[in-house]
Amino acid sequence: MDKIWTIEHIMLNPSHRYRDIERTAEYLHPEKCMPPPIRNSMDKLWFIKDGCGIACAVVTWFLVFYAEFVVIFVMLLPSKDLIYSTINGIIFNILAFMALASHFRAMITDPGAVPKGNATKEFIESLQLKPGQVVYKCPKCCSIKPDRAHHCSVCKRCIRKMDHHCPWVNNCVGENNQKFFVLFTMYIALISLHALIMVGVHFLYCFEEDWTKCSSFSPPTTVILLILLCFEGLLFLIFTSVMFGTQVHSICTDETGIERLKKENPTWEKTSSWEGLKQAFGGNFSPGWLSPFSSTLYQKVPSDIEAEASELNHEYVTGKLVGHVEVIEVGKAEECASIRLT
């Protein structure tokens, strides 16, 4: 049995239940959990410093700008139809801007990270735990682990309602940024479809006219640029359409990708499909659902919990190891009276 701790303070958000995580026993020492560092203004910006993720994010932006270049300078500007060029140019640029804005928001938005290092003796003493209540600690980031949270080895944090870690947005997809990820996949799929349609129209136009007149570039260069754009558009149309469908399915069924992969039995009360969509996209249906600049309805858990002392509460917190899972458990004073430090 681990050492006995006295509860003297009050509570974490009661709507968040707790669950376990399996790791080796060497990580399961509460005394090794240091208090969370004091955050400065730079720490408030969420950004994952992962080389692979940063490279994938840069490639994503590069591919969008490449499509922009081919659409504008190879297909639209050389076109003799001003109305066709203007309308398609406006549509494509709006969709591309919304795609990049959604990508940026998905990348820099905290996906729902659990406060790091809060599984310390002092923090546990500040929880208003009832007799028989069990909470769980993630031994990797020393955090009290909410229900439906999973630890991400890339972000090095526990993420609430984590669906998966996406290197293309260099971030986890969780309850706070799932909307932006869904919008990103939707807008990328739309600009890919739009680009493919314009490539087809442009090829037909060039076959009917002289190739030297349908583009400001040489015919071989024009063909290469269009074929590359066609492959890019087809690839991303398929990929992002599938991702968009799986994300909407996860929201409607109230089951994340990890939960579905692990075939976890739901211990939470599932919301209806419509309520799940309203939570993820920010209220009742409105144009804000399609905007990467509006927020969701999920409430953020504060990183610092302050509470008043409760001198009348004579309960004790005990820690024990169950297999490879550390369980922090609460018992009444008389039930813990015989427990000694080991």
Side-chain angles (χ1 to χ4, degrees), residues 57-107 168-169 179-248 277 280-295:
V58 171
V59 169
T60 300
W61 281 62
F62 171 79
L63 291 175
V64 173
F65 283 122
Y66 170 78
E68 180 83 17
F69 169 79
V70 176
V71 168
I72 299 299
F73 293 99
V74 177
M75 292 189 289
L76 296 184
L77 288 182
S79 176
K80 299 177 181 179
D81 192 337
L82 182 60
I83 297 178
Y84 170 85
S85 299
T86 302
I87 293 176
N88 282 280
I90 292 175
I91 293 175
F92 188 86
N93 278 280
I94 290 176
L95 293 176
F97 172 77
M98 297 296 279
L100 293 179
S102 300
H103 181 273
F104 186 72
R105 288 298 304 274
M107 183 170 56
W168 296 105
V169 297
K179 169 188 175 177
F180 308 127
F181 183 76
V182 171
L183 292 180
F184 165 65
T185 57
M186 182 186 73
Y187 286 122
I188 289 293
L190 289 176
I191 64 173
S192 298
L193 178 61
H194 189 205
L196 287 173
I197 293 174
M198 286 190 291
V199 168
V201 172
H202 196 72
F203 264 122
L204 292 176
Y205 172 73
C206 290
F207 282 137
E208 294 177 357
E209 299 289 337
D210 188 355
W211 275 90
T212 58
K213 297 180 180 179
C214 69
S215 175
S216 56
F217 295 89
S218 64
T221 302
T222 301
V223 172
I224 292 174
L225 291 174
L226 292 178
I227 290 177
L228 290 177
L229 179 61
C230 188
F231 275 114
E232 177 192 341
L234 185 61
L235 177 64
F236 277 93
L237 174 61
I238 296 173
F239 176 71
T240 55
S241 296
V242 171
M243 290 303 301
F244 174 80
T246 57
Q247 289 300 301
V248 173
L277 289 171
F281 286 92
N284 293 321
F285 180 75
S286 68
W289 279 29
L290 304 178
S291 172
F293 305 104
S294 61
S295 302

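Please read these numbers as outputs of a predicted model, since none were measured by experiment.
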Next on the checklist: So, using ring pair (Phe, Tyr, Trp, His ring centres under 6.0 Å) as the criterion, who are the partners of Phe181 when residues are at least two apart?
Outcome noted: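 So Phe181 forms a ring pair (Phe, Tyr, Trp, His ring centres under 6.0 Å) with His164.
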Nearest-0.5 Å distance that lies between atom [atom1] in [X] and atom [atom2] in [Y]:
X: Ser85; Y: Lys80; atom1: OG; atom2: NZ; answer: 12.0 Å
X: Leu229; Y: Leu63; atom1: CG; atom2: CG; answer: 10.0 Å
X: Met198; Y: Ile91; atom1: CE; atom2: CD1; answer: 8.5 Å
X: Leu226; Y: Thr221; atom1: CG; atom2: OG1; answer: 10.5 Å
X: Asn93; Y: Ile72; atom1: CG; atom2: CD1; answer: 4.5 Å
X: Leu77; Y: Ser215; atom1: CG; atom2: OG; answer: 10.0 Å

Nearest heavy-atom pair of [X] and [Y]: which atoms, and what distance?
X: Ala96; Y: Ile191; value: N-CG2, 3.7 Å
X: Leu225; Y: Tyr66; value: O-OH, 3.0 Å
X: Met98; Y: Ser291; value: CE-CA, 4.1 Å
X: Ala189; Y: Leu237; value: O-CD1, 3.4 Å
X: Gln247; Y: Val182; value: CB-CG2, 3.6 Å

Checklist entry - So, does Tyr187 use its side chain to make a donor-acceptor pair with the main chain of Leu290 at under 3.5 Å? => result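 Yes; at least one donor-acceptor contact below 3.5 Å.
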Checklist entry - Got a donor-acceptor contact below 3.5 angstrom from the Arg105 side chain to the Phe180 backbone? => result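 No.
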Checklist entry - Does the pair Trp289 and Leu277 meet the rule for a side chain to side chain contact (heavy atoms under 4.5 Å, CB included), with working shown? => result CA-CA 9 Å; Trp289 279 29; Leu277 289 171; 3.9 Å; yes
Is the [atom1] atom of [X] crowded by more than 12 outside heavy atoms at less than 6.0 Å?
X: Phe73; atom1: CZ; value: no
X: Phe293; atom1: CZ; value: yes
X: Leu204; atom1: CG; value: yes

Would you call the rings of [X] and [Y] parallel, tilted or perpendicular, where under 30° means parallel and over 60° means perpendicular?
X: His194; Y: Phe92; value: tilted
X: Phe203; Y: Phe207; value: parallel
X: Tyr205; Y: His202; value: tilted

Next on the checklist: Could you walk me through whether Phe65 and Leu100 satisfy the side chain to side chain contact (heavy atoms under 4.5 Å, CB included) test, starting with their C-alpha distance in whole Å, then the side-chain angles of each, then the deciding distance to 0.1 Å, before giving a yes or no?
Outcome noted: CA-CA 10 Å; Phe65 283 122; Leu100 293 179; 4.1 Å; yes
Next on the checklist: Exactly one of Val71, Leu82, Val70, Asp81 should register a side chain to side chain contact (heavy atoms under 4.5 Å, CB included) with Leu76. Which one does?
Outcome noted: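 Filter result, single survivor: Val71.
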Next on the checklist: Exactly one of Thr246, Thr240, Val248 should register a side chain to side chain contact (heavy atoms under 4.5 Å, CB included) with Phe244. Which one does?
Outcome noted: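 Testing Phe244 for a side chain to side chain contact (heavy atoms under 4.5 Å, CB included) against Thr246, Thr240, Val248 leaves exactly one candidate, Val248.
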Item to check | For Ser294, all residues meeting side-chain hydrogen bond (donor to acceptor under 3.5 Å, both in side chains), sequence neighbours excluded | outcome: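 Applying side-chain hydrogen bond (donor to acceptor under 3.5 Å, both in side chains) to Ser294 gives Lys179.
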